[in-house]
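Keep in mind that the numbers below use all heavy atoms, side chains included, and drop hydrogens, waters and symmetry copies. Sequence lines set the chain letters: A, B, ... in the order given, protein chains first and strands last, and positions in each chain run from 1.
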Amino acid sequence: MGTRRSASLRCFPSALAASPRKTYLRLPFPFPCMAEERKTLEQRHQMSDLERLRHSAAHVLATAILRIWPEAQFAAGPPVENGFYYDLEMPHRISPDDFLKIEEEMKKEIKANHVFERTAVSRDEAIALANSGRLGGLSERPGNVSKFKIGNLADIPEGEEISLYKNGDFLDLCAGPHVMRTGNIGAFRLTSVASAYYKGDEKNPQLQRIYGTAFKNKTEMEAYFTMLEEAKKRDHRKLGKELELFCFDDDVGPGLPLWLPRGTVLIEELEKLAKETEFAGGYDRVRTPVLARENMYLTSGHLPYYAESMFPPMELREDAKGSEGFIDFTLKRLSFDESEEYLREAYRKAKGTHTSGSYVDMEAEFEEFFRAIPEQQFGDASKIALERLFLDMGIDEAKSKIAPPDRYYLKAMNCPHHHKLFAAVPRSYRDLPLRLAEYGTCYRYEQSGELFGLMRVRSMQMNDAHIYCTEEQFESEFRAVNEMYLKYFAIFGIDKYVMRFSTHDPAKLGQKFVDNSELWLKTEDMVRGVLQRTGINFIEVPNEAAFYGPKIDVQVWSAIGREFTIATNQVDFAVPARFGLTYKDRDNTSKTPLCIHRAPLGTHERFVGFLIEHYAGNFPLWLSPEQVRVLPIGDEEPLVNYAKAIQAELRAAGVRANLDSSSDPIKAKIASAEQMKVHTMLVLGHRDLEAGNVSVRVHGKGNLGAKPRAEVIADLLAAIKERRA
RNA sequence: GCCAGUGUAGCUCAGUGGUAGAGCAGCUGUUUCGUAAACAGCAGGUCGCGGGUUCGAUCCCCGCCACUGGCUCCA
C-alpha cells in the first residue's frame with residue numbers, strides 16, 4: 001500500500017482549499033521555488049537574472065549574520081518569487097529588531113564588492129570542509145560542524161559536480177549560479193522572520209527563516225513595496241470589516257464566517273449569476289443535507305484517510321465504541337482476506353484500550369501502525385506486531401464493549417450526496433448528461449494555523465455541480481464547462497488566468513492512480529483536445545492528477561497581480577463505480593458514467609475574498625451591496641417626499657436603494673456614502689425637484705450632473721441587467 | 001498542529017505596578033445645507049479568558065483562547 005498521501009483521496013476541489021499565501025508565492029512553472037525540491041542543473045541554468053541576484057543576496061545575508069553570530073549554522077538559502085530567504089539555526093532568536101543591525105553588515109559586504117568565486121571540489125573535500133565547520137561559515141569553526149550542509153551534500157546525486165561559492169570570507173556549498181560581485185545587488189531589504197523545518201520535513205529540526213527581497217535598483221524595489229501597500233489596502237479582511245460584509249466571532253468559532261447583510265448580497269448575486277448560467281446550460285438544481293452517515297464516506301473512500309480534515313463525528317449512541325465499518329473498509333483496502341478474523345479481533349482489542357480516546361485519535365494511531373509495516377512483510381510480521389501492541393485486553397472483554405455506532409459526519413464535499421441522487425432513480429442513457437448543481441455548504445476541519453480570512457475557512461459554500469455523462473458526451477460537456485469559466489472571467493474583468501492541467505504518472509498506475517492506463521490516456525487526450533481546440537490558456541503539469549482522473553486547477557490574477565487558485569475542474573472515472581452508479585445503455589447493458597466535478601466560482605467565501613481585492617471593494621453596480629443611496633439636501637417635506645418616491649421606484653424595480661434622511665449636511669451625507677463605497681448617489685435639491693431631475697454622483701467618478709429622473713433610473717436598470725463592469 | 005508576534009470602547013489606536021484615555025461611529029439636542037464630514041452634550045470598557053507574584057495587576061510570570069506572519073497541511 002502507498003503512503004498516506006498517495007492513498008488519500010483527492011476528491012473534489014483540492015484547490016479550493018489551497019492557501020493563497022502559498023499559491024501566489026509559487027514561481028512560474030516550470031521552475032520550482034521550493035527549497036525542498038532539489039533543482040536540476042537544467043533548472044538552475046534557467047534562473048533569471050533577478051533570481052541570481054536574490055540568491056546572491058541570501059549569501060550576503062548569511063555573511064552578515066555570521067559577523068554578528070559566528071556560531072550560526074545555515075541550511076538552505078534559495079530565491080523565491082518575491083525575494084529570498086536563508087534558513088539557519090542558532091541560540092539567538094532573530095526578531096525584526098535585529099534587521100537594522102544585519103542590514104548594516106550586509107551593506108558593508110555589498111560595498112566591499114566581493115567576487116562570487118566558484119570552485120569545484122570532490123565529495124570528500126566538501127565533507128572535510130563541513131566537518132571543520134567551514135561550510136556556511138566565515139572561517140573554520142572547530143566543534144561546530146556544518147551539519148545541515150552535510151545533509152545537503154547527501155542530496156547531491158553521485159556524478160554531479162559539487163561546487164562551492166565564496167564571497168569575501170563566506171564559503172558555502174552551493175550549485176549557483178550567482179551574480180558576479182556582491183556590489184551587483186542594487187537594493188535589498190529584510191522583510192520577515194518565520195520558522196521552517198529543515199528540508200521541509202516536520203520530523204527535522206525547526207530552523208529560523210529570514211526572508212528578504214532584493215532588486216537591481218532602488219526604483220524597482222520601491223515599486224514592489226508600493227504594490228504591497230496596495231495589497232494591504234485591498235486586504236479582504238480589512239475591507240470586509242470596513243464595508244460591513246462579514247465577520248468572525250469567538251463564540252461561533254474560528255474559520256466560520258458570519259455574513260452581514262452587505263456581504264450576503266455579494267454571495268446571493270453570485271448565486272443568481274450561477275443559477276442563470278447553469279439553467280441556460282441545462283443544469284438541474286438539487287439540495288442535500290449538510291451531514292451524512294459514516295458509511296457513505298467509507299464507500300466514497302474519504303474515511304478513514306480524510307477523517308482528520310473532517311469535523312469529528314456526532315455519535316447518536318453513547319455506548320458506541322467500535323467501528324465495524326472502519327474494519328470492513330480497512331480490510332477491503334488492504335486485502336487481508338486470510339487474516340481478516342485476526343485483524344478484527346486485534347482492532348477490537350485496540351478499541352477497548354482506547355475507550356476514552358476519540359475515534360479520530362484511535363484511527364490515526366491504527367493507521368500509523370499499518371504504515372510502519374512494509375507492505376511485503378505484512379503477513380506474519382503484522383500479526384506479531386499487532387499482538388505486541390494490542391496485547392492486554394481479552395477478546396471477550398473487548399467484544400463486550402463494542403456496539404455498532406450510528407455516526408454522522410458534516411459533509412466536507414457534495415459529491416457523495418450527489419452520487420446518491422444519481423442512484424436514486426433508474427438512469428438510462430437518455431438521462432445523460434445529467435448535471436446536478438447545488439450551492440452546498442461544506443465543513444472542513446482545517447488546522448488552526450491554516451485559517452486565513454475568507455480564503456481558508458471551515459464552512460464554505462461551493463458553486464458545485466457534478467455532470468454525469470458518457471465517454472462520447474465528455475468532450476462537449478467539458479467544453480461547455482470551460483466556456484462557462486471564460487464567461488465568468490469576462491464578467492469579472494479577469495484578464496489573466498491559466499488552467500493547470502494535471503495528468504497521471506504512468507509509473508504510478510495502481511498506486512497513486514487508478515489502474516486503467518487506457519482510460520487515463522483516453523481521458524487525458526479528450527481533455528487536452530478540448531483545451532487546445534478552445535484556445536484556452538493552459539499548461540500541462542505531469543503526475544499531479546487526482547487519483548481518479550485528470551484535473552484542472554484554475555488560477556486567476558487579481559487586478560493588482562496577485563495569484564489565486566479559485567476553482568478546480570476534475571474528471572472522475574473511478575468514484576461513480578465505488579458507488580455502483582450505472583445507467584442502461586442502448587444495448588441494454590449497465591454502464592458506469594463518467595463524472596465531471598466542477599465549481600467555476602469555487603467557494604463563495606474565497607471568491608468573494610478574491611473579488612474584494614480585485615475590485616478594492618469598489619464593486620460594479622450589479623454586485624454593489626448598496627447600489628443607490630438617495631441623498632436629499634436638507635429635510636424639507638417636499639424634497640424628502642421626492643426622495644422617498646425615487647427610492648420606492650428603485651426598490652420596486654429590484655434595486656438596492658437606500659435613503660439618507662438624516663439631518664447631516666449634504667457634504668457629510670456624501671462623505672459617509674463614499675466611505676461605504678455606495679455605487680451611485682442620487683443627490684436631490686430644490687433645483688432637481690422643480691425640474692424633475694436627479695443629480696448623479698458615482699463612487700470614484702464624482703459628480704456627473706443632473707439628468708431627468710426617468711432616464712437615470714432606466715440607465716441604472718440597464719447597467720444592472722447587463723452586469724456592466 | 002509547530003515557531004514567532006499581537007490582543008485596551010463598535011472601529012482605529014494612545015497609556016500606566018495604584019482598577020483607563022483620544023478620534024471616528026452611536027444616542028440627544030441645535031444646525032437646513034448643492035457634491036468627501038456643522039456644533040454641543042451624553043453614553044460607552046471585567047484592558048481576550050483563567051491562574052500566580054504583589055498590600056495592590058490592564059501592566060510582571062504561567063496556562064488557555066483568538067488573530068497576524070510563516071512552516072506543515074490542503075479531498
If the test is side chain to side chain donor-acceptor pair (under 3.5 Å), which one of A/His236, A/Arg234, A/Arg562 qualifies with A/Glu613? A/Arg562
Nucleotide B/rG70, atom P - distance to CZ of A/Phe84 in whole Å: 16 Å
Please give the distance between the C1' atoms of B/rU6 and B/rU32 as a whole number of Å. 47 Å
Residues, nucleotides or ligands: over 12 heavy atoms within 6.0 Å of A/Tyr445 OH: no
Does A/Gly692 offer a backbone N or O that forms a donor-acceptor pair with the side chain of A/Arg709 under 3.5 Å? no
Specify the separation, in whole Å, of atom CZ of A/Phe246 and atom P of B/rC67. 13 Å
What's the gap between B/rC60 and B/rU16 when it is taken at their P atoms, as a whole Å value? 11 Å
Round to the nearest Å and state the distance from A/Ile210 atom CD1 to B/rG69 atom P. 18 Å
Which dot-bracket notation, 5' to 3', represents the base pairing of RNA chain B when pairs are defined as Watson-Crick or G-U with both distances under 3.5 Å, crossing pairs as [ ], and inter-strand pairs as |? (((((((..((((....[..)))).(((((.......))))).....(((((..]....))))))))))))....
Assess whether atom CZ of A/Arg293 is packed by more than 12 heavy atoms of other residues, nucleotides or ligands within 6.0 Å. no
Any donor-acceptor pair under 3.5 Å linking the side chain of A/Tyr86 with the backbone of A/Ala57? no
Kindly give the heavy-atom pair with the smallest separation between A/Leu639 and A/His686, and that separation in Å. CD1-N, 4.2 Å
Taking protein heavy atoms under 4.0 Å as touching, what does nucleotides 2-14 of chain B look like 5' to 3' if B marks base contact, S marks sugar-phosphate-only contact and - marks none? BBS------SS--
If you measure from the P atom in B/rC11 to the same atom in B/rG48, how many Å do you get, rounded? 13 Å
5′-ward residue of the pair A/Gln447/A/Gly453 relative to RNA chain B: A/Gln447
Between the base of B/rC73 and the side chain of A/Arg456, is there a donor and acceptor pair under 3.5 angstrom? yes
Specify the separation, in whole Å, of atom CG of A/Leu451 and atom P of B/rC73. 17 Å
Side-chain donor-acceptor pair under 3.5 Å between A/Lys420 and A/Thr288, yes or no? no
Spacing of A/Asp251 atom CG relative to B/rG48 atom P, expressed in whole Å: 16 Å
Between A/Arg598 and A/Asn463 (side chain of the first, backbone of the second, donor and acceptor by atom type, cut-off under 3.5 Å), is there such a pair? yes
Whole-Å C1' distance, B/rU8 and B/rC13: 9 Å
Collect all protein-nucleotide pairs involving nucleotides 29-36 of chain B in which both atoms are nitrogen or oxygen and the distance is under 3.5 Å.
| unit_1 | atom_1 | unit_2 | atom_2 | d |
| --- | --- | --- | --- | --- |
| B/rU31 | O4 | A/Ser663 | OG | 3.0 |
| B/rU32 | O2 | A/Asp635 | N | 3.0 |
| B/rU32 | O2 | A/Asp635 | OD1 | 3.1 |
| B/rU32 | N3 | A/Asp635 | OD1 | 2.4 |
| B/rU32 | N3 | A/Asp635 | OD2 | 3.2 |
| B/rU32 | O4 | A/Asp635 | OD1 | 3.4 |
| B/rU32 | O4 | A/Asp635 | OD2 | 2.9 |
| B/rC33 | N4 | A/Ser663 | O | 3.2 |
| B/rG34 | O6 | A/His686 | N | 2.8 |
| B/rG34 | O6 | A/Arg687 | N | 2.5 |
| B/rG34 | N1 | A/Asp688 | OD2 | 2.9 |
| B/rG34 | N2 | A/Asp688 | OD2 | 2.8 |
| B/rG34 | N2 | A/Ser695 | OG | 2.7 |
| B/rU35 | O2' | A/Arg697 | NH1 | 2.8 |
| B/rU35 | O2 | A/Arg697 | NH1 | 3.3 |
| B/rU35 | O4 | A/Ser695 | OG | 3.2 |
| B/rA36 | N7 | A/Arg697 | NH2 | 3.1 |
| B/rA36 | N6 | A/Glu674 | OE1 | 3.1 |

With the side chain defined as heavy atoms from C-beta on, A/Arg209 is closest, among B/rU72, B/rC67, B/rC71, to B/rC71
Can you name the residues that form a side chain to side chain contact (heavy atoms under 4.5 Å, CB included) with A/Leu650, not counting sequence neighbours? A/Val628, A/Ile646, A/Val655, A/Ala657, A/Leu682, A/Ile713, A/Leu716
Check the distance between B/rG1's C1' and A/Glu450's CD and give it to me in whole angstrom. 9 Å
With a cut-off of less than 4.0 Å, is there a side-chain N or O of A/Arg237 near OP1 or OP2 of B/rU68? yes
C1' atoms of B/rG50 and B/rC65, separation to the nearest Å: 10 Å
Using atom P in both nucleotides, what's the gap between B/rG18 and B/rA4 to the nearest angstrom? 30 Å
Looking only at atom types and distance, does a side-chain atom of A/His418 sit under 3.5 Å from a main-chain N or O of A/Ile467, one as donor and one as acceptor? no
A/Phe452 CZ to B/rA66 C1', straight-line distance once rounded to whole Å: 16 Å
With a cut-off of less than 4.0 Å, is there a side-chain N or O of A/Tyr211 near OP1 or OP2 of B/rC71? yes
Expressed in whole Å, how much space separates the C1' atoms belonging to B/rA57 and B/rA43? 28 Å
Which value, in whole Å, describes the distance between the P atoms of nucleotides B/rG10 and B/rC49? 13 Å
Got a sec, which pairs hit salt bridge (charged side-chain N to carboxylate O under 4.0 Å, His left out) with one end in residues 665-690 of chain A, sequence neighbours left out? A/Glu674-A/Arg697
Using the side chain to side chain contact (heavy atoms under 4.5 Å, CB included) criterion, which residues pair with A/Pro708? Sequence neighbours excluded. A/Asn693, A/Glu711
Value in whole Å for how far the C1' atom of B/rC67 lies from CG of A/Asp235: 12 Å
So which heavy atom on A/Pro625 is nearest to which on A/Leu245, and how close? CG-CD2, 4.1 Å
